[in-house]
Visitor: 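Once you've had a glance at the structure underneath, I'll fire off some questions.
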Amino acid sequence: GAGDAFASTFVSALAKGKTLEEALLWGPINSMSVVKEVGAQRGLLSEEKILDYLSKAPEDYKVKEI
């Protein structure tokens, strides 16, 4: 479920015109939410809720090269 949530959110962000870096920030947020619930769809977040989480994310929640 978490991998599916990441992938679908990542692709959705790209389809909405977000940058690669923005899409890589969106995916883990939905994955985090999904693993808190049981089932294939429970826990999936709306775009509004993802943006809410992003607005509250720690300063170091950024894409960086490793």
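Just so you know, these numbers use all the heavy atoms, side chains as well, and skip hydrogens, waters and symmetry mates.
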Visitor: Decide whether Tyr53 and Leu24 are clustered together by the hydrophobic rule: side chain heavy atoms of Ile, Leu, Val, Met, Phe, Trp, Tyr closer than 4.5 Å, transitively.
Guide: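 Yes, it is one cluster - the side chains of Tyr53 and Leu24 are joined through contacts under 4.5 Å.
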Visitor: Enumerate the salt bridge (Lys or Arg N to Asp or Glu O under 4.0 Å) contacts for residues 10-32, please, sequence neighbours excluded, ordered by first and then second residue.
Guide: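 As it turns out, the salt bridge (Lys or Arg N to Asp or Glu O under 4.0 Å) pairs with a partner in residues 10-32, which skip direct neighbours, are Lys16-Glu47.
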Visitor: Should Leu14 and Trp26 be regarded as members of a common hydrophobic cluster, given that ILVMFWY residues are connected when their side-chain heavy atoms come within less than 4.5 Å of each other, either directly or indirectly?
Guide: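 Yes.
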Visitor: Output every pair passing salt bridge (Lys or Arg N to Asp or Glu O under 4.0 Å) with a member in residues 50-61, not counting sequence neighbours, ordered by first then second residue.
Guide: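 Sorted pair list: Lys49-Asp52, Asp52-Lys56, Glu59-Lys62.
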Visitor: List the atom pairs, donor and acceptor, that lie under 3.5 Å between side-chain atoms in residues 29-38 and the rest of the protein, sequence neighbours left out.
Guide:
unit_1, atom_1, unit_2, atom_2, d
Asn30, OD1, Leu45, N, 2.8
Asn30, ND2, Thr9, OG1, 2.7
Ser31, OG, Ala2, O, 2.8
Ser31, OG, Phe6, N, 3.3
Ser31, OG, Gly27, O, 3.3
Ser33, OG, Gly43, O, 2.4
Glu37, OE1, Arg42, NH2, 3.3

Visitor: Taking the side chain as C-beta and beyond, is there a heavy-atom pair between Phe10 and Leu20 under 4.5 Å?
Guide: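 The answer is yes; the side chains approach within 4.5 Å.
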Visitor: Quick check: does any side chain N or O of Tyr61 sit under 3.5 Å from a backbone N or O of Leu54, one acting as donor and the other as acceptor?
Guide: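 Not a single qualifying donor-acceptor pair exists.
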Visitor: Who pairs with Asp4 by side chain to side chain contact (heavy atoms under 4.5 Å, CB included), at least two apart in sequence or on another chain?
Guide: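 Testing Asp4 for side chain to side chain contact (heavy atoms under 4.5 Å, CB included), a comparison that skips the adjacent residues, returns none.
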